[in-house]
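So the structure is just underneath, and the comments pick up after that.
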Amino acid sequence: MTMHIILFLYTDAESPVVICPADIWQNTDVGVSWARVSWGTANATDNSETVTDLYVSHAPGSDFPIGNTESPVVICPADIWQNTDVGVSWASVSWGTVNATDNSGNVTDLYVSHTPGSNFPIGNDESPVMICPADILQNTDDGVSWASVSWGSVNATDNSGNVTDLYPSHAPDSNFPIGNAEIPVVICPADIWQNTDVGVSWARVSWGTANATDNSETVTDLYVSHAPGSDFPIGNTESPVVICPADIWQNTDVGVSWASVSWGTVNATDNSGNVTDLYVSHTPGSNFPIGNAESPVVICPADILQNTDDGVSWASVSWGSVNATDNSGNVTDLYPSHAPDSNFPIGNTESPVVICSADIWQNTDVGVSWASVSWGTANATDNSETVTDLYVSHAPGSNFPIGNAESPVVICPADIWQNTDVGVSWARVSWGTANATDNSETVTDLYVSHAPGSDFPIGNTESPVVICPADIWQNTDVGVSWASVSWGTANATDNSETVTDLYVSHAPGSNFPIGNAESPVVICPADILQNTDDGVSWASVSWGSVNATDNSGNVTDLYPSHAPGSNFPIG
């Protein structure tokens with residue numbers, strides 16, 4: 001006979017919310033390197049309604065030294081890849097100065113792991129590939145609750161050709177207890193929405209039994225956060241919908257660089273029927289500086305392809321003005337990377353095309369689990385006509401272990417839709433064998449989430465279909481830049497036959513500002529193919545107007561890359 005003793009321990013697992021005074025930034029006291037700082041009371045709350053053990057690191061009136069909360073930026077030399085010194089397994093490596101900056105203007109405590117000229121052993125930054133035996137599912141030994149399990153060798157490979165530090169968690173023939181890798185399915189009572197009890201701010205709520213199932217057929221450790229009949233305070237899990245006034249575009253006040261802006265009431269709604277904590281960033285009548293949320297359009301000269309100057313490996317290149325426009329009408333901070341007449345070295349912005357040998361599928365060598373594979377030369381080309389830095393992961397003649405890069409194709413039985421069994425809220429469902437195939441011709445590790453004959457609760461995997469009113473195009477109301485728009489009811493359906501949680505972004509009768517969501521259609525002149533002008537390597541090309549249209553009836557910001565009459569190099 002087995003005796004089961006279940007001990008229930010109830011603890012308060014809610015962390016308290018600490019209410020600290022606001023952050024304080026304060027200058028040091030006169031003539032000293034610290035400041036004496038005072039603040040109000042620190043407090044805390046949690047669901048016990050009283051927090052007694054509240055510890056503060058400093059008392060009001062404590063002295064604080066100069067502080068710095070900005071992490072320094074460490075400026076390291078570039079990474080160094082270096083061969084070992086002759087005849088040894090390490091390399092003596094040197095580098096320039098390591099430095100750091102932060103907002104203190106002086107970083108004194110700078111620690112480096114090695115000094116220039118230190119010796120470094122051969123390094124390997126490739127994670128090893130672990131070669132484990134196949135997963136083993138095995139019954140317990142007779143009369144005991146564990147199984148003695150054996151397996152083959154565990155191995156690993158990486159680009160060092162030798163992985164010595166290989167630590168398995170268990171040795172072959174170790175004993176393993178009964179295991180269960182299936183997450184249990186928790187069966188909770190339905191959600192309960194209940195009014196508070198009369199005269200109090202909470203409700204006493206009862207519900208049926210919570211249960212759980214998994215492939216062990218019995219789940220004993222089932223813990224619930226509350227017992228039936230517990231008291232719950234008023235709760236709200238719906239995010240409030242904030243109702244803001246329409247966007248306001250307003251000129252600056254006369255003679256100043258800001259505008260005093262007023263607006264109507266900001267409000268919010270949620271399912272509590274009362275949103276009390278509503279915080280706005282500015283009050284009506286606040287002053288706002290000139291703002292600009294439009295990225296400027298930079299107007300660069302045309303691309304220039306130019307030969308190097310005689311006898312040198314660079315070219316002195318000139319170009320016209322760089323300009324930019326945005327809706328402020330004045331872009332003052334315009335920084336080009338180079339000034340006209342700067343010298344540019346020979347450049348190459350074309351990615352090289354790597355020419356690899358064809359893929360090779362090869363059997364393992366006789367009596368071993370790998371194959372020695374050879375291939376022709378790997379090469380690469382780009383518009384510089386020579387690619388010198390070409391790195392290959394393996395040399396011809398390298399050994400490769402058995403590999404399989406094809407994902408298996410899982411062959412599942414067809415989907416099953418089945419009514420619940422009589423008098424219960426679940427159905428016992430059976431199906432045929434699940435199988436899988438890949439290019440290894442045998443897939444041994446095939447795991448299914450449920451065995452045929454398992455019980456399934458009522459489920460619903462169909463996304464609801466939202467039924468919205470038709471799109472509405474409406475003129476603005478008379479004398480204002482917005483329109484009050486009304487529409488019919490939004491609805492939704494799914495196979496549960498009732499969708500209760502349907503949230504809309506705006507209520508009928510809401511105000512909408514002028515909108516334009518159609519991309520403009522650009523009308524360009526026809527393509528022009530033209531010979532170069534006499535005696536030069538370019539052509540002066542002219543064309544008609546460039547235009548554009550969209551549903552606003554007026555496209556004002558139209559920027560062509562070149563003006564008619566511009567010079568174009570041979571293309």
message: Looking at every non-hydrogen atom in both residues, tell me the closest pair between P245 and G264 and how far apart they are.
response: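 Closest pair (atom of P245, atom of G264, distance): CG-O, 3.6 Å.
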Kindly give the heavy-atom pair with the smallest separation between P396 and W375, and that separation in Å.
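Closest pair (atom of P396, atom of W375, distance): N-CZ2, 3.5 Å.
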| request: Quick one: do V186 and C188 satisfy side chain to side chain contact (heavy atoms under 4.5 Å, CB included)? Show the steps, please. | output: CA-CA 6 Å; V186 180; C188 293; 3.6 Å; yes
To the closest 0.5 Å, what do you measure between [atom1] ([X]) and [atom2] ([Y])?
X	Y	atom1	atom2	result
S286	W263	OG	CH2	4.5 Å
L390	I355	CG	CD1	9.5 Å
D309	F344	CG	CZ	12.0 Å
F456	I416	CZ	CD1	8.0 Å

Can you tell me if CD1 on I360 sees more than 12 non-hydrogen neighbours from other groups inside 6.0 Å?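 Yes, enclosed.
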Is it true that a side-chain atom of Q250 and a backbone atom of S262 form a donor plus acceptor pair closer than 3.5 Å?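 Between the backbone of S262 and the side chain of Q250 there is no qualifying donor-acceptor contact (under 3.5 Å).
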Ignoring hydrogens and angles, tell me if any N or O in the side chain of S316 forms a donor-acceptor pair with the backbone of N343 under 3.5 Å.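 Absent.
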- Quick one: do I19 and T45 satisfy side chain to side chain contact (heavy atoms under 4.5 Å, CB included)? Show the steps, please. CA-CA 8 Å; I19 306 168; T45 64; 4.2 Å; yes
- Message: Just to verify, what does V541 make a side-chain contact (heavy atoms from CB on, under 4.5 Å) with, not counting sequence neighbours?
- Response: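 Only I528, Q530, A539, W543, F568 meet the side-chain contact (heavy atoms from CB on, under 4.5 Å) criterion with V541.
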Check your understanding: Given the rule in the side chain to side chain contact (heavy atoms under 4.5 Å, CB included) test, do V522 and V546 qualify, once you have shown the distances and angles that lead to the verdict?
Key -> CA-CA 8 Å; V522 180; V546 178; 4.3 Å; yes
